[in-house]
Trainee: 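Here's a structure for you.
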There are 4 protein chains.
Amino acid sequence: MKRNKPKYKQIIDAAVIVIADNGYHQAQVSKIAKQAGVADGTIYLYFKNKEDILISLFQEKMGLFVEKIQDVIAGKQKAAEKLLVMIENHFKILSDDHHLAIVTQLELRQSNKDLRLKINDVLKEYLLLMDDILQEGIDNGEFDSKLSIRLARQMIFGTIDETVTTWVMNDQKYDLVKQAPAVHHLLLQGCGQKGE
Amino acid sequence: MKRNKPKYKQIIDAAVIVIADNGYHQAQVSKIAKQAGVADGTIYLYFKNKEDILISLFQEKMGLFVEKIQDVIAGKQKAAEKLLVMIENHFKILSDDHHLAIVTQLELRQSNKDLRLKINDVLKEYLLLMDDILQEGIDNGEFDSKLSIRLARQMIFGTIDETVTTWVMNDQKYDLVKQAPAVHHLLLQGCGQKGE
Amino acid sequence: MKRNKPKYKQIIDAAVIVIADNGYHQAQVSKIAKQAGVADGTIYLYFKNKEDILISLFQEKMGLFVEKIQDVIAGKQKAAEKLLVMIENHFKILSDDHHLAIVTQLELRQSNKDLRLKINDVLKEYLLLMDDILQEGIDNGEFDSKLSIRLARQMIFGTIDETVTTWVMNDQKYDLVKQAPAVHHLLLQGCGQKGE
Amino acid sequence: MKRNKPKYKQIIDAAVIVIADNGYHQAQVSKIAKQAGVADGTIYLYFKNKEDILISLFQEKMGLFVEKIQDVIAGKQKAAEKLLVMIENHFKILSDDHHLAIVTQLELRQSNKDLRLKINDVLKEYLLLMDDILQEGIDNGEFDSKLSIRLARQMIFGTIDETVTTWVMNDQKYDLVKQAPAVHHLLLQGCGQKGE
DNA sequence: TATGAATGAGCGTTCATTCAT
DNA sequence: GATGAATGAACGCTCATTCAT
């Protein structure tokens, strides 16, 4: 399995750095190879083509993302709490890795439609996590019983994503994680939070 | 003034169609010229370069956007109503022009960072409209007095944008405009709507 | 006759200025038209094409050149004297018109082979003047009787031309005309000048 | 070192042929690549850009030129003799390579000012060789003690260059090398040669 | 005569991918 | 497995010239 060989991850990490530093359109395969310390041709022993590097990058990083968030959610009872730690961790992971933040919020969006559709597939697992939380919230009466899960998920993801993008575009100069509670508050209200 | 000459708009409309049909990276200048029914060189009598076509496209279309929405907002008293017609019109304009929807939600995002920064400048006017509505809602007691305008605006724009993008990615197969009231409801709650 | 209409000369003078200021490859027809104060299309009422402007320019200016030099030569008896005034006037005319000097020594040489062959035709009249002086000098015993006229003419023209080109390349920062006597001395010796 | 790889010289030789056959402005990179038997892209593994091919061409060929002439000069005692073998070899090298003669005398002069300034740098070494010979001739009493080295060098180079150019323009139809003694005789006299 | 908007052919350069070693 | 030299398709832009007014 190529995914477990050291050069596989080595190339993906190189790609993140090269894309963050040079931008998507200046991230040539040869630059990634150089950064990874391998020959250009070696890339093609681990990846089908350049697009495959980017999809794999997204899968690999988003996998960690989902894993981490599943972890922290597991420890919480209420949907509202789960939503909070999800937002916090989403913000924290990207705060902790400046390169990754630039790559996911700005650079990877320059990829073509096909690639973005594939990236969306990867995102689905994450979106399903949100759906689970929302369903739970509705079921246990935390949220509005008539809430549309799809719309609510679009609101949550759209808001989180827009918040991170604005932060990256402002050169990450304020503390993103500190915004989590306020964003959480907004979204909870949007979901028609009941109770005090 | 070039902007008022017929070929100016002709070329921009051609660009929208060509980009929607072929994708951003396959929208060669020669294709746009052909679609517009002019020679390649004619493009350069009206635009400085290819990037200039795209920026102008965005300015031109987003200008209509802002104008139209300013219009419909003017007729409304309450912030909540204004927000509703804003969402409705946002959805309607893109619903009515499938090509434009594809271009703004998918294709233009593939442009490089420079172009996107310029596009963001154009967007600002639209975002300021939102800020005005939010401020008004806070002032007249419709919304939570402690609402952060920046965060709320990110929620509104993020949600609207994500909703449209999801719709476009699903090949525009359901009625987007019909979603407006539900989205509006969500966002109003997010803003801490008061009143009966 | 187009040559006598005011716009004909107007365009040629504009070409000299535009070429001197912008260089041969940046001297577009539209720039020349603008400098001449006429429309692009008007150029083509007076000249067949762009090349025709340049050939005409050379003919016109070189005509003045030959005329002037024929004039000053007429007043001299000896071949050596004629050669001196020829060199002096060659240097003087180009010293007096910086633009023209740049155009003939640097810019026009960037034209293609065809154009340069035509320019050479124009030059011929000037070279024939030199031949006449040389023949005269041989006939009246001033120069070596075995002197090859063709070679001597190549020496004279080559030396004069190289001297002017070096001066132009050095930004015309020294006095070219002052060099005439020394150049004359060199060339006379080369021609095997007899007598004291 | 790229200069020693076979393809480097292969491309330069191809450039000489293509430029001589098609003219400077019709010497497209793709033509040069085809003539060299390599892919277009390969050119750019050895040269920074098209201009770099031309500068390198000049350096490479002019280097051989200077080397060869330094060689033959070394065997001679007197300045006059050195001048003769210099002229002979200058003529011989260009006589032996018709393509090169066309390229240096006609085609390369069409390059823009920047390129020609760089070419001039390369030429400088050759001109310094001439200066050395002239200084030597003055020092050992062969030449006029009051001779201006700069002017004399301009005469020598101008005459040689004009002679070769005339020969090339006449389609190289006579024997250039045979002209060397006569040209030499002229130039020696120009330098004020003493003694028999 | 004079205009100037419109034309459209033409080319240097990049870079993902291959394959002989 | 690993290399890196070689490949070649693809495209934005310029500008001399035309021609309807």
Side-chain angles (χ1 to χ4, degrees), chain A residues 2 5-7 11 25-34 36-54, chain B residues 2 5-8 10-11 25-34 36-54, chain C residues 2 5-7 11 25-34 36-54, chain D residues 2 5-8 10-11 25-34 36-54:
Chain A
K2 309 216 156 183
K5 300 206 178 169
K7 286 197 179 159
I11 290 166
H25 289 295
Q26 281 307 304
Q28 295 86 351
V29 172
S30 62
K31 251 183 210 155
I32 296 173
K34 196 170 195 180
V38 302
D40 292 16
T42 305
I43 299 265
Y44 291 86
L45 298 174
Y46 293 90
F47 300 91
K48 212 164 74 252
N49 50 35
K50 188 179 178 182
E51 188 176 79
D52 189 30
I53 306 177
L54 302 174
Chain B
K2 310 216 153 184
K5 298 200 179 170
K7 289 204 176 151
Y8 179 83
Q10 197 173 322
I11 291 166
H25 289 294
Q26 281 306 305
Q28 294 88 348
V29 171
S30 61
K31 254 184 210 156
I32 296 173
K34 197 170 195 181
V38 300
D40 292 16
T42 305
I43 300 267
Y44 292 88
L45 296 177
Y46 294 90
F47 301 92
K48 221 169 59 251
N49 49 37
K50 187 179 178 181
E51 187 178 77
D52 189 31
I53 306 177
L54 303 173
Chain C
K2 310 213 156 185
K5 300 204 177 169
K7 285 197 180 160
I11 290 167
H25 289 295
Q26 281 307 305
Q28 294 87 350
V29 171
S30 62
K31 253 185 209 155
I32 295 173
K34 196 171 195 180
V38 301
D40 293 16
T42 306
I43 299 266
Y44 292 86
L45 299 174
Y46 294 90
F47 300 92
K48 215 166 69 247
N49 51 34
K50 187 179 180 182
E51 189 178 77
D52 189 30
I53 307 177
L54 303 174
Chain D
K2 310 218 151 179
K5 298 199 180 170
K7 288 200 176 153
Y8 179 83
Q10 198 173 321
I11 291 166
H25 289 294
Q26 281 306 307
Q28 295 88 348
V29 171
S30 61
K31 255 185 208 155
I32 296 173
K34 197 170 194 180
V38 301
D40 291 16
T42 305
I43 299 267
Y44 292 87
L45 297 176
Y46 294 90
F47 300 91
K48 217 166 65 249
N49 49 36
K50 188 179 178 181
E51 187 178 79
D52 189 30
I53 307 177
L54 303 173

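Below, read A as the first sequence line, B as the second, and so on, with proteins coming before strands; counting in each chain starts at 1. These numbers were taken from a predicted model, which means no experiment stands behind them.
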Trainee: Under 4.0 Å: is that the gap between some side-chain N or O of S30(A) and OP1 or OP2 of dC15(E)?
Mentor: no

Trainee: What is the distance, to the nearest angstrom, from the CD atom on Q28(B) to the P atom on dC13(F)?
Mentor: 13 Å

Trainee: Please tell me which of the listed nucleotides, dA2(E), dA6(E), dT3(F), lies nearest to the side chain of Y46(C)?
Mentor: dA2(E)

Trainee: Rounded at 0.5 Å granularity, tell me how far CD1 in I43(C) sits from NZ in K7(C).
Mentor: 10.5 Å

Trainee: Rounded to whole angstroms, how far apart are NZ on K34(B) and P on dC11(F)?
Mentor: 14 Å

Trainee: Respond yes when some side-chain nitrogen or oxygen of K5(B) is under 4.0 Å from OP1 or OP2 of dA5(E), and no when none is.
Mentor: no

Trainee: Of the nucleotides dT17(E), dT3(F), dG8(E), which has the atom closest to the N49(A) side chain?
Mentor: dT17(E)

Trainee: Quick one: Y8(D) OH to dA5(F) P, roughly how many Å, whole number?
Mentor: 17 Å

Trainee: Answer yes or no: is there a side-chain heavy-atom contact under 4.5 Å between N49(A) and D52(A)?
Mentor: yes

Trainee: Let me know, please, whether G41(B) or G41(C) comes out on the 5' side of the other along DNA chain F by nearest nucleotide.
Mentor: G41(B)

Trainee: Over how many whole Å does the gap from I32(D) atom CD1 to dC11(E) atom C1' extend?
Mentor: 12 Å

Trainee: Expressed as a whole number of angstroms, how long is the span from F47(B):CZ to dG12(F):C1'?
Mentor: 15 Å

Trainee: So does Y44(B) get a side-chain nitrogen or oxygen closer than 4.0 Å to the phosphate oxygens (OP1/OP2) of dC15(F)?
Mentor: no

Trainee: So, OP1 or OP2 of dC15(E): does either fall under 4.0 Å of a side-chain N or O from K31(A)?
Mentor: no

Trainee: For a quick test of reading the model: is some side-chain N or O of K7(B) closer than 4.0 Å to OP1 or OP2 of dA6(E)?
Mentor: yes

Trainee: Mind calculating the distance between CG (D40(B)) and C1' (dA9(E)) to the nearest angstrom?
Mentor: 9 Å

Trainee: How close do Q28(A) and K50(A) get, heavy atom to heavy atom, and via which atoms?
Mentor: CA-NZ, 4.3 Å

Trainee: Between dA16(F) atom P and I53(C) atom CD1, what is the distance in whole Å?
Mentor: 9 Å

Trainee: Which whole-number value in Å describes the distance from L45(A) CG to dC19(E) P?
Mentor: 14 Å

Trainee: Please compare A27(C) and Q26(B) by the position of their nearest nucleotide in DNA chain F and report the one closer to 5'.
Mentor: Q26(B)

